[in-house]
Amino acid sequence: MSASPPNDRWIVLKFGGTSVSRRHRWDTIGKLAKKRAEDNHARVLIVVSALSGVTNELTAIADGAADAASRVAALELRHREFLAELELDAEAVLGQRLAVLRSLVADPRATARTLDWQAEVLAQGELLSSTIGAAYLSAGGLDIGWCDARQWLEAMTIPNQSAWAQRLSVSCDPRGSEDWRARFCAQSNRMLITQGFIARHGDGGTAILGRGGSDTSAAYFGALLKAQRVEIWTDVPGMFSANPREVPDARLLTRLDYFEAQEIATTGAKVLHPRSIKPCRDAGVPMAILDTERPELPGTSIDGNALTVPGVKAISRRNGIVLVSMEGIGMWQQVGFLADVFARFKKHGLSVDLIGSSETNVTVSLDPSENLVSTDVLAALSSDLAEICRVKVIAPCAAITLVGRGMRSLLHKLSDVWATFGKERVHLISQSSNDLNLTFVIDEADADGLLPILHAELIDSGAMPVAETSVFGPRWRQIAGTVRARQTPWWRSQRARLIELAAAGTPAYVYHLPTVRARARALNAIGAIDRRYYAVKANTHPAILKALVEEGFGLECVSLGELRRIFEVLPDLSPTRVLFTPSFAPHPEYAQAFALGVTVTVDNLELLQQWPDMFQGRSVWLRVDLGRGDGHHAKVRTGGRDSKFGFPFERVDDFIAAASATDVRITGLHAHLGSGVDTAQHWKQVCDELGGIAERIGTVEVIDIGGGLPIPYTADDEPFDLEAWGAGLAEIKAAYPGFGLAIEPGRYLVAEAGVLLSHATQVVAKQGITRVGLDAGMHTLARPALYDAWHDVVNLSRLDLDADAPFDIVGPICESSDVLGRRRPLPASTAPGDVMLIADAGAYGYVMASHYNLRGLPKEEVLDV
Ligand code: ADP
Ligand code: ASP
Ligand code: MG
């Protein structure tokens with residue numbers, strides 16, 4: 001290694017519990033320390049946590065667990081085994097420390113569990129791990145010395161803090177003197193290793209920084225040493241837009257400023273201890289969060305120069321929140337009421353987090369990571385508060401927080417988020433005065449499963465600007481390697497043929513039958529499904545209808561026009577393979593459908609009541625509304641009060657009564673809550689709910705769970721996980737073996753099979769935006785204008801060139817919504833006459849095309865190779 005670096009060049013590396021629990025990770029630690037020292041010509045301080053899980057055990061012992069002795073024995077064994085793995089002499093390295101651990105259980109203070117004793121117990125994990133690290137790294141040849149953090153970090157006395165907080169949740173002063181620095185630097189080894197989590201108490205004993213506090217130890221050392229940087233090495237490659245273990249689609253946050261990082265950490269992102277940011281921010285020390293298992297990844301950088309990008313950066317959750325609701329009469333006007341209330345919190349050393357107030361009520365929250373909110377403390381507080389108001393304690397609650405700059409100006413994008421919270425019992429909503437967060441407090445049990453939904457809503461609405469590459473990186477699933485790749489689309493290998501077809505006239509839809517068949521076969525392979533119907537409204541081209549019937553699919557129609565079309569194309573098709581599921585159709589259509597012999601689905605009572613003769617003696621399927629909708633856009637959700645579809649499930653008994661009055665037999669039960677649903681759980685749940693209702697009806701033979709299967713339209717979308725879907729259905733099927741299970745997908749079968757070909761008409765630059773005009777527009781493909789739908793667009797004529805310039809892609813219709821895509825990358829040389837391809841247009845393309853502006857309908861072509 002090179003000559004001694006100057007003493008003002010330090011790099012602090014902190015390694016968390018999982019990072020220090022395996023031998024190969026210690027090898028990584030050694031390599032990293034060496035590399036940092038050499039590359040930066042710096043001295044290195046390594047701060048470590050206890051081996052993973054050890055602090056939990058020590059906490060149980062400090063809390064007075066009855067089996068403390070056996071827990072200590074297990075801890076001893078764990079450490080001895082680890083030393084064996086490291087090929088170190090356990091007795092020589094750890095003998096003394098393990099003896100201290102054993103003696104603590106027998107300590108006279110253990111009976112009363114005095115706070116100083118608890119702190120000493122908790123400190124043992126880090127003392128053990130740092131001792132192991134020093135031994136292993138020096139055996140590996142590093143010039144490294146061990147130091148006791150308690151010699152260097154001193155707990156501050158903070159006014160009004162409870163005795164608990166002053167011992168077990170302390171803060172330290174990060175502004176050290178020159179003398180402090182000089183003494184620290186005088187330690188002879190080039191590298192040092194010390195403990196996170198512990199400090200010196202004012203009485204000379206041990207103090208603890210609070211759970212997760214090792215990050216803060218590293219930050220204090222970083223600030224005190226005016227380090228080049230503080231790196232937090234953990235088990236995820238950075239701070240994410242949500243806990244990646246709970247939200248696999250969470251995005252890596254590549255760069256954050258201290259304030260946003262602070263807010264994300266404070267509101268629950270355990271990856272960084274909330275108190276670790278301020279010391280670094282005040283001292284201007286940049287921080288990084290990195291993954292010990294994947295050291296090559298860039299991680300998250302936190303510094304003072306990060307670009308300010310407005311928008312939600314993260315959503316986090318804190319559990320164990322206690323709400324204290326205080327009810328008084330006319331108190332708001334009462335001088336000093338709040339002072340009296342807060343004096344009582346102060347008396348019990350409790351710091352208040354969120355506050356909500358009204359004329360007669362003040363509700364505050366207590367965060368368990370900042371307070372000792374034991375039953376004893378709460379009982380004492382409640383009895384004190386009862387002197388001045390009526391008190392109610394609500395716990396356990398979860399606080400779910402959206403974090404990001406400019407929260408107030410984002411409200412219009414949060415409507416889906418509000419709607420999701422609207423389904424829960426929200427106890428408190430709080431918006432921080434720094435405009436960096438918005439918090440909802442709900443019952444802890446209700447919060448499970450909510451974060452992935454909210455995270456998806458934030459992205460869909462644009463509130464979380466994931467396209468901003470200066471802040472947002474890849475998804476956790478991409479990094480973890482669990483993403484299923486999109487297949488290469490069929491049209492890439494058919495380019496020449498498509499250009500030929502375009503020369504014969506555009507706009508033109510081209511359908512690739514092998515792709516349709518492949519999707520059909522994939523669905524045929526799902527064993528849990530007994531009947532498959534193709535929802536023909538997606539695409540009624542005769543070749544597609546024929547191909548799907550050949551693959552064994554029945555057909556589902558929603559109008560008399562569709563019924564006529566399918567029997568025209570397939571005169572021999574048995575009507576028993578056809579469903580008729582209209583919405584608010586004129587009643588003669590039902591009569592004609594019965595006459596054709598197809599299965600009719602109804603979704604209201606009024607039909608039966610007004611035209612009893614038409615239904616008399618018939619069998620029908622009933623479409624129910626399960627009370628909610630789902631899908632890729634509000635306009636395609638087909639359930640819930642605001643949707644015109646389906647009979648409310650809670651009134652099914654009324655329908656049964658009306659059916660028996662008209663001698664109608666309910667043989668099928670159907671629900672379809674929306675299109676492009678991307679939660680695989682959705683159908684399983686629908687199936688389960690329908691099964692329950694079907695059992696009540698008694699005459700049902702088939703449960704039809706609808707369609708709505710999504711396809712990957714954007715590069716970020718993953719192909720639908722058919723296997724997981726099938727497995728979920730099989731589980732439910734097993735619970736309701738008496739019913740046949742039916743599906744009726746449309747999009748899934750045909751969307752990817754179709755492309756729309758078009759010619760570029762004009763390329764025009766205006767005030768910084770370049771537009772390419774096409775002879776296709778909203779009259780050809782309505783989905784973008786109707787649902788903000790995304791379709792990939794490529795320049796087929798210049799497919800080999802880099803798509804390096806942004807274009808808005810527009811049609812020829814006199815409407816400002818005639819835009820097929822905004823800021824889409826295309827080759828900069830894109831010019832009039834180029835053949836443009838709009839992908840994934842096989843579903844809801846031609847069937848929605850119109851003559852608007854008296855423009856012609858597109859052509860349709862079929863490829864069968
Ligand atoms: P260490 O032991 O290394 O200090 P922690 O368990 O304290 O590690 O912190 C890392 C964990 O933080 C991750 O495994 C992850 O589950 C959790 N976490 C919670 N929220 C986030 C987030 N927004 N980004 C990254 N990780 C998070
Ligand atoms: N070992 C301590 C804990 O588990 C401190 C830390 O890991 O940051 O809370
Ligand atoms: Mg931690």
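FYI, side chains are in, hydrogens and waters are out, and symmetry mates aren't considered; it's all heavy atoms of this structure.
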So which pairs with a foot in [range] pass salt bridge (Lys or Arg N to Asp or Glu O under 4.0 Å), sequence neighbours left out?
range            : value
residues 232-241 : Asp235-Arg245
residues 156-176 : Arg167-Asp203, Asp173-Arg175
residues 43-64   : Glu57-Arg71

Is it true that [Y] and [X] share a donor-acceptor pair across their side chains at a distance under 3.5 Å?
X      : Y      : value
His79  : Gln124 : no
Thr216 : Ser276 : no
Ser130 : Trp146 : yes
His455 : Ser241 : yes
Trp476 : Gln478 : no

Sidechain N-carboxylate O distance under 4.0 Å for [X], [Y]:
X      : Y      : answer
Asp27  : Lys31  : no
Glu81  : Arg78  : no
Arg36  : Glu231 : yes
Asp353 : Arg318 : yes
Arg475 : Asp249 : yes

Quiz prompt | Listed partners of Thr114 passing side chain to side chain donor-acceptor pair (under 3.5 Å), at least two apart | solution =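 For Thr114 the side chain to side chain donor-acceptor pair (under 3.5 Å) partners, ignoring immediate neighbours, are Asp116.
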Practice problem: Identify, with sequence neighbours excluded, every residue that meets side chain to side chain donor-acceptor pair (under 3.5 Å) alongside Thr55. | Solution: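 Expected list: none.
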Exercise. Might you work through the ring-ring contact (aromatic ring centres under 6.0 Å, His included) test for Trp152 and Phe221, ending with a clear yes or no?
Key: CA-CA 9 Å; Trp152 302 103; Phe221 278 111; 8.0 Å; no
Practice problem: Not counting sequence neighbours, which residues clear side chain to side chain contact (heavy atoms under 4.5 Å, CB included) with Arg200? List them please. | Solution: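 Result, side chain to side chain contact (heavy atoms under 4.5 Å, CB included) vs Arg200: Arg150, Glu154.
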Quiz item: Under 6.0 Å from the CZ atom of Arg97, do we count more than 12 heavy atoms belonging to anything else shown?
Solution: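 Atom CZ in Arg97 is packed in, count exceeds 12.
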Self-check item: Residues, nucleotides or ligands: over 12 heavy atoms within 6.0 Å of Gln96 CD
Solution: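 Check fails, neighbour count at 12 or below.
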Quiz item: Taking Arg344 for the side chain and Leu381 for the main chain, is one N or O donor matched with an acceptor at less than 3.5 Å?
Solution: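 No: the side chain of Arg344 does not pair with the backbone of Leu381.
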